[in-house]
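Single-structure report; data block below.
Being a predicted model, the structure only gives us computed values, none of them experimental. So that the names make sense, note that chain A is the first sequence line, chain B the second, and so on, each numbered from 1.
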Protein chains: 2
Amino acid sequence: MYATFKPAAQSVVMPENVARAQFPGAHLVVTYKGGRVIYAEGDSVDKCYQVCAGAVREYGLISDGRRQVVSFHLAGETFGFEAASKHRFFAEAIAETRIIVFARRPIQEHSPELLALALVGMKRAQEHLLVIGRQCAVERVAAFLMDLSDRLGGVRQLRLPMSRQDIADYLALTIETVSRAMTELKERKVIALRHVRTVDIIKPDALRSLCHRAALRS
Amino acid sequence: MYATFKPAAQSVVMPENVARAQFPGAHLVVTYKGGRVIYAEGDSVDKCYQVCAGAVREYGLISDGRRQVVSFHLAGETFGFEAASKHRFFAEAIAETRIIVFARRPIQEHSPELLALALVGMKRAQEHLLVIGRQCAVERVAAFLMDLSDRLGGVRQLRLPMSRQDIADYLALTIETVSRAMTELKERKVIALRHVRTVDIIKPDALRSLCHRAALRS
DNA sequence: CGCAATATTGACCCGCGTCAATTGTCGTGG
DNA sequence: CCACGACAATTGACGCGGGTCAATATTGCG
């Protein structure tokens, strides 16, 4: 069933762990416990963030409480810049997560890198549209697992930081359907579930072919 | 039904109409007939584009031919920049369309504006995800009409440049469902169809409330 | 006017959402 | 170590929204 969603209270979190990092501009390293809000819809956009360890979900809500996760951010990935001055989405740590926080103003000046990041963000969102828009449940889950594997450097064993609910809200499905799709992939021996949140990709080719992405012309 | 899709041949078009424009860097004004390909998947990314008049659809294909429109670009809007060096999507003129073409290299240098445009593109894609992911057919069509109206400056009479098929592929529906949704909005007297492609918004409030977007906190 | 392309409408059916029950996982305390 | 409770995930039964297929209507163009 659709889960009606309430973001956990409070969007300002006390740094539990502060350190310096290697990029220019003022920045901090902050550790968020799982479920903590990094920023909320309506917060002003004045920082950007890079994940050191852990994972982040970024999502929007519609008025009846349905949630749509628009992206997951894994270790090494950057997020938090938006066109408007107020955030349109929520960002939360999925599990305990260490994050570098940059002040946005000093970053803004030398923007070629920031531009590249924005373009990557847009590409991800558009690819996601193809998946959500035109693929069935099993294909969506397959695409999700492939994407995660690719972003982690092509590993065959995935440890999922997020719950089935998070995956469902990302793929615009329900937990039940995600679960059934997982079971089907398992029965087809495309994947194996070593543990509920630990997936072994047994047949990467079969998984990839389920993703239906058009072959790029040379 | 799902339409299986073949992009019209040829991705290089002879300029039918060339002129100078007001931005820095080498650029041309080109007129594309309806259906002409501006760039195709796999083409190298070396220009960016601004619509003078007309409209453009940008879309992806999956291997079985299903199409997903990821965005429409209207007069005044800019498109064509991507993270990779090869285009991931196709862009086509919907009807006869006049476009300013910028060489990308000279643009690249002073990128703050380009960054802003990329951020707008990302925001659009993410908002679109919310619609596709979590709203039913009538709501999607309502959101589509509202969005178009807003981008045209809040007009109440819309002339749709795109076909039902384009709308369907944008909203991840079928033409039949788009048609039924239009009929329902018409029967509820939320809109009126002056002509198949000319929509009058009779009850803007009703239309907006169908879009279910969470109210932004102040 | 006639033909082709586009849009609408209707009947049917299937994938996925809904609701409900069951199983599995993990943390805490005896 | 097991008992217990809370939560997460799985599985089953069923219904509905929207896809499929087909017929009809409308629009645009020569």
Quick one: [X] [atom1] to [N] [atom2], roughly how many Å, whole number?
{"X": "A:R180", "N": "D:dG12", "atom1": "CZ", "atom2": "C1'", "value": "8 Å"}
{"X": "B:E187", "N": "C:dT8", "atom1": "CD", "atom2": "P", "value": "12 Å"}
{"X": "B:I94", "N": "C:dA5", "atom1": "CD1", "atom2": "P", "value": "20 Å"}
{"X": "A:L173", "N": "C:dC16", "atom1": "CG", "atom2": "C1'", "value": "8 Å"}
{"X": "B:D166", "N": "C:dA7", "atom1": "CG", "atom2": "P", "value": "9 Å"}
{"X": "B:M182", "N": "C:dT6", "atom1": "CE", "atom2": "C1'", "value": "13 Å"}
{"X": "A:R134", "N": "D:dG18", "atom1": "CZ", "atom2": "C1'", "value": "12 Å"}
{"X": "A:E176", "N": "C:dT18", "atom1": "CD", "atom2": "C1'", "value": "7 Å"}

With a 4.5 Å heavy-atom cut-off, do [X] and [Y] have their side chains touching?
{"X": "A:R194", "Y": "A:Q157", "result": "yes"}
{"X": "A:H27", "Y": "A:Q50", "result": "no"}
{"X": "A:Y49", "Y": "A:V56", "result": "no"}

- Message: Would the distance check show the side chain of B:T183 and the main-chain N or O of B:S179 forming a donor-acceptor pair, the cut-off being under 3.5 Å?
- Response: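 Side chain of B:T183 to backbone of B:S179: a pair is present.
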- Under 30°, 30 to 60°, or over 60°: which ring-plane class applies to A:Y59 and A:F90, parallel, tilted or perpendicular?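 Ring orientation, 0 to 90° scale: parallel.
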- Message: Would you call the rings of B:F79 and B:Y39 parallel, tilted or perpendicular, taking 30° and 60° as the class edges?
- Response: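 The rings of B:F79 and B:Y39 sit tilted, inter-plane angle from 30° to 60°.
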Would you tell me if any nitrogen or oxygen in the side chain of [X] comes within less than 4.0 Å of OP1 or OP2 on [N]?
{"X": "A:S163", "N": "D:dA8", "answer": "no"}
{"X": "A:T183", "N": "D:dT10", "answer": "no"}
{"X": "B:R197", "N": "D:dT27", "answer": "no"}
{"X": "B:S179", "N": "C:dT8", "answer": "yes"}

- Message: So B:R140, base contact, sugar-phosphate only, or nothing? Heavy-atom distance under 4.0 Å.
- Response: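 Touches nothing.
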- Checking all strands, does B:L193 fall into the base, sugar-phosphate, or nothing category for heavy-atom contacts under 4.0 angstrom?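 Counting heavy atoms under 4.0 Å across all strands, the contact made by B:L193 is with sugar-phosphate only.
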- Message: Can a side-chain donor-acceptor contact be found between A:E139 and A:H212 if the only test is distance below 3.5 angstrom?
- Response: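 Indeed, the side chains of A:H212 and A:E139 share at least one donor-acceptor pair under 3.5 Å.
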- Could you tell me whether B:R88 and B:E82 have a side-chain N and a carboxylate O separated by less than 4.0 Å?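 Between B:E82 and B:R88 there is no salt bridge, as every charged N stays at least 4.0 Å from the carboxylate O atoms.
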- Query: How far does the helix from C:dC1-D:dG30 to C:dG30-D:dC1 bend, going by the axes of its first and last five pairs, to the nearest 10°?
  - Reply: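 The helix from C:dC1-D:dG30 to C:dG30-D:dC1 shows an end-to-end axis angle of 40°.
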Can you give me the N/O atom pairs linking the protein to nucleotides 28-30 of chain D at distances under 3.5 Å, or say none if there are none?
residue, atom, partner, partner atom, Å
D:dG28, OP1, B:H195, NE2, 3.3

- Item | Enclosure of A:R197 CZ (heavy-atom neighbours >12, cutoff 6.0 Å) |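 It does: A:R197 CZ has more than 12 such atoms within range.
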